Trainee: 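Submitted below is the structure of interest, expressed as structure tokens.
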Amino acid sequence: MSMNDTTADLLTRIRNAQRAFKETVNVPFSKSKLSICNVLKDEGYISSVNVEGETKKIIAIALKYYEGKPVIEQIERVSRPGLRIYKSSKKIPLVKNGLGICIISTSKGIMTDKTAREQNCGGEIICYVS
């Protein structure tokens, strides 16, 4: 069966693995997924990201917990293949009044809402993380 929305698959695998209190989760490799994982790592939501394999690459994500609870409380896909959501830099939403992040795909790469506002570039809103 072919998969249309690989980003939603990444977010669902992370969500399910944290609910099952797994240490790591593996997802098939793509550059966009790796960029999203690197943003999550830079913001402190996951511990580490490693690319494994040579012919069939996978991304190994080490999940993060604090006092027995997952660090990621909520991870939600916004833009999807059937309905793309684009916002200008001035209209990028705040997630939980600035306590969460919004991951955005811009012309300068995949970044957080704060970075996109600083660089004054809008784009497609990928997901909300809190």
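Every value quoted in this text rests on a predicted model; they were computed, and no experiment measured them.
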Trainee: Could you state whether Tyr66 and Ile101 fall into the same hydrophobic cluster, counting links through intermediate Ile, Leu, Val, Met, Phe, Trp or Tyr residues with side-chain heavy atoms under 4.5 angstrom apart?
Mentor: yes

Trainee: Is there any ring pair (Phe, Tyr, Trp, His ring centres under 6.0 Å) pair reaching into residues 94-126, and which pairs are they, with sequence neighbours excluded?
Mentor: none

Trainee: Between atom OG1 of Thr112 and atom CD of Glu118, what is the distance when rounded to the nearest 0.5 Å?
Mentor: 7.5 Å

Trainee: For residues 67-87, dump all side-chain donor-acceptor pairs below 3.5 Å to protein atoms at least two apart in sequence or in another chain.
Mentor:
unit_1, atom_1, unit_2, atom_2, d
Gln74, NE2, Glu76, OE1, 3.2
Arg77, NE, Asp5, OD2, 3.3
Arg77, NE, Ser79, O, 3.1
Arg77, NH1, Ser79, O, 2.7
Arg77, NH1, Ile126, O, 3.3
Arg77, NH2, Asp5, OD1, 3.0
Arg77, NH2, Ser79, O, 3.1
Ser79, OG, Ile85, N, 3.0
Ser79, OG, Glu124, OE2, 2.7
Arg84, NH1, Glu124, OE2, 3.0

Trainee: Can you measure from CD1 (Ile110) to OG1 (Thr7) and round to the nearest 0.5 angstrom?
Mentor: 7.5 Å

Trainee: With sequence neighbours excluded, give me every side-chain hydrogen bond (donor to acceptor under 3.5 Å, both in side chains) pair touching residues 16-36.
Mentor: Ser30-Ser32

Trainee: So do the side chains of Leu40 and Ile14 get within less than 4.5 Å of each other, counting heavy atoms only?
Mentor: yes

Trainee: If every non-hydrogen atom of Cys37 is compared with every non-hydrogen atom of Ile59, which pair is closest and at what distance?
Mentor: SG-CG2, 4.4 Å

Trainee: To check you understand the geometry: which heavy-atom pair defines the closest contact between Ala116 and Thr106, and what is its length?
Mentor: CB-CG2, 4.5 Å

Trainee: Give a yes or no on whether Leu10 and Ile46 share a hydrophobic cluster (residues Ile, Leu, Val, Met, Phe, Trp, Tyr; joining criterion: side-chain heavy atoms under 4.5 Å apart).
Mentor: yes

Trainee: How many angstroms lie between atom CD1 of Ile103 and atom CD1 of Ile125, to the nearest 0.5 angstrom?
Mentor: 11.5 Å

Trainee: Cluster question for you: counting only ILVMFWY and a side-chain heavy-atom cut-off of under 4.5 Å, with indirect links fine, are Val49 and Val51 together?
Mentor: yes

Trainee: Leu63 and Ala17: which non-hydrogen atoms are nearest, and at how many Å?
Mentor: CD1-CB, 3.6 Å

Trainee: Taking only residues at least two apart or on different chains, which pairs with a member in residues 88-130 satisfy ring pair (Phe, Tyr, Trp, His ring centres under 6.0 Å)?
Mentor: none

Trainee: What are the two closest non-hydrogen atoms of Arg117 and Pro93, and how far apart are they?
Mentor: NH2-O, 3.2 Å

Trainee: Are Met111 and Ile36 grouped together when hydrophobic residues (ILVMFWY) are joined by side-chain heavy atoms under 4.5 angstrom apart?
Mentor: no

Trainee: Taking only residues two or more places apart in sequence, or in another chain, which ones meet Ser89 in a side-chain contact (heavy atoms from CB on, under 4.5 Å)?
Mentor: Asn120

Trainee: Supply the atom-to-atom distance Ser107 OG to Gln119 CD, rounded to the nearest 0.5 angstrom.
Mentor: 9.0 Å

Trainee: According to ring pair (Phe, Tyr, Trp, His ring centres under 6.0 Å), does anything in residues 21-43 pair up with another residue at least two apart or in another chain? List the pairs.
Mentor: Phe21-Tyr65

Trainee: Applying a strict under-4.5 Å side-chain criterion to I, L, V, M, F, W and Y, I'd like to know whether Val129 and Val27 cluster together.
Mentor: yes

